[in-house]
Amino acid sequence: MNLNSDNNPLENLIAVIESDKLAHLSLVQTMQSGQHFRSKVLDDDSIIVVNQYGLYRMKEDTSGLSIYGEHLFDYEAYFDMNRDYEQIQEILSRKDPHLEAAIIMNKGLRILQQDPFEMIMTFIISQSKQISQIKILVERLSHLYGDAAGAYKEVAYHMFPTPEQLIGVDEVIYKALKMGYRSRYLEDAVKKIVTRTVDLAAIKSMSYEKAKAELMQIKGVGEKVADCVLLFGYGRFEAFPVDVWIERIIGELYFDKKPSKKELNDFVDDYFGAYKGIAQQYLFEYARTLALGKNKPKN
DNA sequence: GCCCAGGCACTCA
DNA sequence: TGAGTGCCTGGG
């Protein structure tokens with residue numbers, strides 16, 4: 001492996017997204033939201049990203065967003081650039097001042113289109129974990145079982161492993177890797193996906209309800225994880241992942257009391273409509289920034 | 001030492 | 001349908 005930065009592919013400019021296209025695309029806002037765990041900010045503010053296509057270095061400045069790497073990849077698909085975020089933001093902003101403020105603060109936040117298998121494993125791992133810990137565990141799994149993706153500044157990076165690469169990994173091994181009680185879930189996920197008990201390709205053409213039920217056949221995949229997979233792995237904006245934070249925020253902003261599960265779901269369907277998924281991300285980041293929902297409701 | 005973290009499975013009413 | 005509890009592990 002060539003660690004000489006002069007010849008390093010991550011010094012090789014492969015694409016520039018012009019600044020006039022960046023009104024609704026911020027690399028930092030997108031990469032640092034909780035949909036993505038495989039990027040690293042360097043001292044010069046460029047960001048190393050490992051995604052389903054390979055290893056890249058990206059940097060945003062006044063001239064635009066520059067992408068460095070060995071091969072060009074479909075960054076338009078990855079950054080969801082064919083969706084009209086401006087229109088979505090306009091529609092959602094009109095709903096209420098909270099949502100409007102949330103959007104102003106996160107104007108460049110987009111939903112990345114990532115690999116479904118990676119999303120399944122990552123969000124199983126994420127249960128009761130903080131982002132920093134999720135990153136460490138995902139990194140560990142990739143280093144041990146994924147293909148080498150390259151190196152930069154003497155740090156090696158690896159692709160997220162494929163289901164086939166994880167076939168022999170059982171619960172005992174996952175436990176040794178500190179995956180805790182999620183270990184049997186991870187083993188079950190790989191088994192069901194390799195045997196097509198859960199068909200990841202077929203999910204693309206299923207209805208939202210059917211796709212969700214398909215994913216929830218995997219042990220350890222409940223409503224929240226399934227919705228994250230559908231949103232970040234399949235671009236399904238009907239998915240609205242409800243975690244403890246979102247539950248508290250929605251309760252705080254739109255209800256006087258803690259809503260029941262049904263009340264919350266009915267409200268979300270009705271209020272955010274077809275853009276539930278992205279609305280969830282705006283609200284989540286908004287609440288995280290303002291530390292809303294920090295106090296647990298007393299019911 | 002204790003509590004909690006961006007859930008889920010399981011049990012019980 | 002909802003409330004309660006255990007589960008691995010690491011950090012504050």
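Atom CG of A:Asp243 and atom P of B:dG6 are 8 Å apart (whole Å). For the pair A:Trp245 CH2 and B:dC4 P, the computed distance is 13 Å after rounding to whole Å. Atom-to-atom, CG of A:Asp266 to C1' of C:dT1 comes out at 14 Å; the value is rounded to the nearest Å. We find that CD of A:Glu285 is positioned 12 Å from P of B:dG6, with the value rounded to whole Å. The distance from atom CD of A:Glu223 to atom P of C:dT1 is 11 Å, rounded to the nearest whole Å. In this structure, A:Lys135 atom NZ and C:dG11 atom P are separated by 15 Å, rounded to whole Å. The nearest whole Å value for the distance from the CD atom in A:Gln130 to the P atom in B:dG7 is 11 Å. Distance CD1 (A:Ile249) to P (B:dG6): 11 Å, rounded to an integer number of Å.
Residue contacts for A:Ile131: at a heavy-atom cut-off of 4.0 Å it reaches a base atom on one of the strands shown. Using a 4.0 Å heavy-atom distance criterion, A:Phe284 is classed as a base contact. As judged by a 4.0 angstrom heavy-atom cut-off over every strand, A:Gly222 is placed among residues touching the sugar-phosphate backbone only.
Counting only residues at least two apart or in different chains, ring pair (Phe, Tyr, Trp, His ring centres under 6.0 Å) contacts with residues 208-238 of chain A comprise A:Phe123-A:Phe232.
Both A:Ile218 and A:Arg288 sit near DNA chain B, but only A:Arg288 has its closest nucleotide nearer the 5' end.
Comparing C:dC8, B:dG7, B:dA5 against the side chain of A:Gln127 picks out B:dG7 as the nearest. Side-chain proximity of A:Val225 to the nucleotides B:dG7, C:dT9, B:dG6 is greatest for B:dG7. For A:Gln133, the listed nucleotide lying nearest its side chain is C:dG10; candidates were B:dG6, C:dC8, C:dG10.
Between C:dG2 and B:dG6, the distance separating the two P atoms is 24 Å to the nearest Å. Distance noted for atom C1' between C:dG11 and B:dC8: 23 Å (whole Å).
Atoms NZ and CD, from A:Lys107 and A:Glu86 in turn, are 7.0 Å apart once rounded to the nearest 0.5 Å.
Base pairing in DNA chain B yields stems of at least 3 consecutive Watson-Crick or G-U pairs, both distances under 3.5 Å, namely B:2-5 with C:9-12, B:7-13 with C:1-7.
Aromatic ring centroids of A:Phe267 and A:Tyr271 lie under 6.0 Å apart.
A:Asp269 and A:Lys276 are joined by a salt bridge, as a carboxylate oxygen and a charged side-chain nitrogen come within less than 4.0 angstrom of each other.
Geometric assessment of A:Arg38 against the ring of A:Phe160 yields a negative cation-pi assignment under the 6.0 Å and 45° thresholds. Figure legend: cation-pi geometry between A:Arg57 and A:Tyr68, with NZ or CZ positioned under 6.0 Å from the six-membered ring centre and within 45° of its axis.
When all heavy atoms of A:Arg236 and A:Ile203 are compared, the pair lying nearest together is NH1-O, 3.8 Å. Heavy atoms only, all atoms of each residue included: A:Leu109 and A:Tyr85 are closest at O-CE2, 3.9 Å. The two residues A:Ala151 and A:Leu55 make their nearest non-hydrogen contact at N-CD2, 3.9 Å.
Using a 4.0 Å cut-off on heavy atoms, the residues of residues 176-196 of chain A that approach DNA chain C are A:Lys178, A:Gly180, A:Tyr181, A:Arg182, listed by number.
Residues A:Met119 and A:Ile246 are members of one and the same hydrophobic cluster, defined by side-chain heavy-atom contacts under 4.5 angstrom among Ile, Leu, Val, Met, Phe, Trp and Tyr.
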